[in-house]
Amino acid sequence: MITAVKGTQDTLFPEIGRWQRVEAVAREVFHRYGFTEIRTPILEPTELFVRGIGDETDIVNKEMYTFADRKGRSVTMRPENTAGVARAFVEHRLHESPLHSRLFYMGPQFRYERPQKGRLRQFHQIGAEVLGDAAPGTDAETIGMLVEFLQKAGVVGIEVVLNSVGCPACRPVFVALLKDALAPRAGELCGDCRRRLETNPLRVLDCKVPSCQPILDAAPAIADHLCEACAEHHAGVKRILAGMAVSFSERARLVRGLDYYTRTVFEVTSSALGSQDALLGGGRYDGLLEEIGGPAMAGFGWALGMERLLMVVPPAPSGRLPWTYAAWAGEAAYERTLALARHLRREGHVVVMEHAPRSFKSSLKRADRMNVKWVLIVGEEEVASQTYTLKDLDTGEQEALSEASLGARLREKTP
RNA sequence: GUGAGCGUAGCUCAGUUGGCAGAGCUCCGGACUGUGGCUCCGGUUGUCGCGGGUUCAACCCCCGUCGCUCACCCCA
């Protein structure tokens, strides 16, 4: 048997309905904030991610779906979408178009990892990016939009955590300070931390090993060591968020895994998710556009994991589909049923019929299993009398209706 | 990449000390020849993940391998 590629999934009705509802809510909310949709290619030059995300990050080091095309060029299935959006922004000179400075996207992303709960090789993200506005209000408004979206999607029990990772001016100063502060107790840290202390000291703060916690809690907080401009920005973001009544908490040890972040970083987590509890992450990336050959323009954005979001969105309501199954028996009835179905569909109703002959018993059984609400029964008697039997599968009640009155009756009965 | 737990019918699973592969649900048919669900009766369904080994005999023990799941790492 041929099976789906490891870490990929098929999404079927009715589960697909939950995706479509979430996507519709996202489009509606983002639209009201003046965001327009962008669809970038799944395949991008590998170089884009190496330069954008950073060649020292885990994503680029070991998680990319990278291969050579037929001409030997290295291409990569996008592991995230911010770099692709930034590339498109630069390529199409969108910095000259104020209309295109607020963009959102939704689509599949790929990372070559061992799948587990809440983590797939093909996963899906919804994200938003604001390009070219460096002011703290951008961070706050975009987070506010996100929270509005999550609330409308029905998500409960989430927490927004916020931090600042500084900029190229103040971060190296803090990193040196952090290394000095941790050095005396380095022997007490776990092996990973001792290694990261050399390769990427900021990531030490993110360690989850219990024995490391007291040491890291005592370490200096980057928010206390920002340069004047970064400190002012950070204070501005918090002030405006508070003014918008968006609740958040600060987490001094929040850092993120992509190199392009500057200043604001944030996450939304949910305790309902299990081990992979990050529902969403984002932040400011003021150096990214320039890094990939564009203008020196600011950027801010976030991306949420669709599969993880769906784990905390209430399930779809159960109950019968407001559809009609047209059951028929006999040649004359078949012709009549085709016409009735056409008529009802033109009036906006969902009508499904099957074309191979079967008994009414079998038809009723299939309609029941299909979970539809109504069955339209068309047999010899109905053809002769020109009145058709409409059966409600919830109540079992039947009524005789003319072709002209069927559509209106269905509309009345639709919940 | 590392570790652990699982792979038996379409689904959920049982399978004794190594001795004829099972149950429930589903599906198909009938009771009810034009009516689903509930009930009753009957029936279909297997590469026991795959390959090798041990044995008179392997779903069961051993080795390898693939897949799924969870966790680590990291992240959405």
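Sequence lines set the chain letters: A, B, ... in the order given, protein chains first and strands last, and positions in each chain run from 1. Remember, it's a predicted structure, so these values are computed and weren't measured experimentally.
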### Query
Using atom P of each nucleotide, how far apart are B/G36 and B/G29 to the nearest Å?
12 Å
### Query
Who passes salt bridge (Lys or Arg N to Asp or Glu O under 4.0 Å) against A/Arg251, sequence neighbours left out?
A/Glu267
### Task
Pick the C1' atom in B/U55 and in B/A71, then give their distance to the nearest Å.
38 Å
### Task
Evaluate the criterion ring-ring contact (aromatic ring centres under 6.0 Å, His included) for residue pair A/Tyr334 and A/His355; output intermediate values, then yes/no.
CA-CA 8 Å; A/Tyr334 177 65; A/His355 301 269; 5.8 Å; yes
### Query
How long is the line joining CE of A/Met64 and C1' of B/A76, in whole Å?
17 Å
### Query
Hey, is the side chain of A/Lys361 pairing donor to acceptor with the base of B/G34 inside 3.5 Å?
no
Table of protein N/O atoms under 3.5 Å from nucleotides 26-29 of chain B N/O atoms:
residue	atom	partner	partner atom	Å
B/C27	OP1	A/Arg369	NE	2.6

### Query
Between B/U69 atom C1' and A/Arg114 atom CZ, what is the distance in whole Å?
11 Å
### Query
With a non-hydrogen cut-off below 4.0 angstrom, is A/Ile377 in contact with a base, only sugar-phosphate, or nothing?
base
### Query
Heavy atoms under 4.0 Å, any strand shown: does A/Leu393 hit a base, just sugar-phosphate, or nothing?
base
### Message
Nearest heavy atom decides the nucleotide; on that basis, is A/Met306 or A/Val378 closer to the 5' end of RNA chain B?
### Response
A/Val378
### Message
Taking atom types as they are modelled, would you say the side chain of A/Glu113 forms a donor-acceptor pair with the base of B/A76 within the 3.5 Å cutoff?
### Response
yes
### Task
May I ask you to evaluate whether A/Gln116 reaches the phosphate of B/A71, defined as a side-chain N or O under 4.0 Å from OP1 or OP2?
yes
### Task
Would you kindly give the NZ-to-P distance between A/Lys6 and B/C66, to the nearest whole Å?
10 Å
### Message
Need one value for A/Gly396: base, sugar-phosphate or nothing, where a base atom within 4.0 Å counts as base even if backbone is also close, heavy atoms only.
### Response
base
### Query
When you compare B/G30 with B/G15, how far apart are their P atoms, in angstrom units rounded to a whole number?
37 Å
### Task
Output yes when at least one side-chain N/O atom of A/Arg256 is less than 4.0 Å from OP1 or OP2 of B/A76, else no.
yes
### Query
For the base of B/G1, is there a side-chain donor-acceptor partner from A/Glu63 under 3.5 Å away?
no
### Query
When the distance from CD1 of A/Ile59 to C1' of B/G1 is rounded to whole Å, what number comes out?
16 Å
### Task
For the residue pair A/Phe174 and A/His225, categorise the inter-ring angle as parallel (less than 30°), tilted (30 to 60°) or perpendicular (more than 60°).
tilted
### Query
Roughly how far apart, to the nearest Å, are B/G18 and B/C62 at atom C1'?
13 Å
### Task
Sort and list the pairs that fulfil side-chain hydrogen bond (donor to acceptor under 3.5 Å, both in side chains) and have at least one residue in residues 147-160 of chain A, not counting sequence neighbours.
A/Arg32-A/Glu148, A/Tyr33-A/Glu148, A/Glu159-A/Ser249
#### Entry: Parallel, tilted or perpendicular, as decided by the 30° and 60° cut-offs, for the rings of A/Phe30 and A/Phe35
tilted
#### Entry: Whole-Å gap separating C1' (B/U69) and CD (A/Gln9)
12 Å
### Query
Which whole number of Å gives the distance between the C1' atom of B/C11 and that of B/U54?
35 Å
### Query
Roughly, in whole Å, what's the span from OH in A/Tyr261 to C1' in B/A76?
10 Å
### Task
Show the numbers, then the answer: is there a ring-ring contact (aromatic ring centres under 6.0 Å, His included) between A/Trp323 and A/His349?
CA-CA 7 Å; A/Trp323 294 10; A/His349 297 291; over 10 Å; no
### Task
Answer yes or no: side-chain N or O of A/Arg119 and base N or O of B/A76 forming a donor-acceptor pair under 3.5 Å.
no
## Note on the structure
note: A/Leu364, atom CG; B/U35, atom P; distance rounded to Å ~ 8 Å
### Query
Between B/C70 and B/A31, how far is it from one P atom to the other, in whole Å?
47 Å
### Query
Which is true for A/Glu307 with a 4.0 Å heavy-atom rule: it touches a base, it touches only sugar-phosphate, or it touches nothing?
nothing
### Task
Scan A/Glu382 against the nucleic acid and name what it touches under 4.0 Å (heavy atoms): base, sugar-phosphate only, or nothing.
base
### Query
After noting the C-alpha distance and the side-chain angles of A/Met306 and A/Phe123, does the key distance pass the side chain to side chain contact (heavy atoms under 4.5 Å, CB included) rule?
CA-CA 7 Å; A/Met306 191 68 176; A/Phe123 62 105; over 6 Å; no
### Message
Could you tell me how far B/C60 sits from B/A76 if I compare only their C1' atoms? Round to whole Å.
### Response
43 Å
### Message
Once you apply a heavy-atom cut-off of 4.0 Å, does A/Asn371 come out as touching a base, just sugar-phosphate, or nothing?
### Response
nothing
### Task
Using the C1' atoms only, state how far B/C48 lies from B/U39, rounded to an integer number of Å.
34 Å
### Task
Looking at every strand, decide which applies to A/Gln398 at a 4.0 Å heavy-atom threshold: base, sugar-phosphate, or nothing.
base
### Message
Parallel, tilted or perpendicular: which one describes the rings of A/Trp302 and A/Phe149, with boundaries at 30° and 60°?
### Response
parallel
### Task
Taking the six-membered ring of A/Phe49 (Phe, Tyr or Trp), confirm whether the NZ or CZ of A/Arg78 is under 6.0 Å from its centre and within 45° of its axis.
no
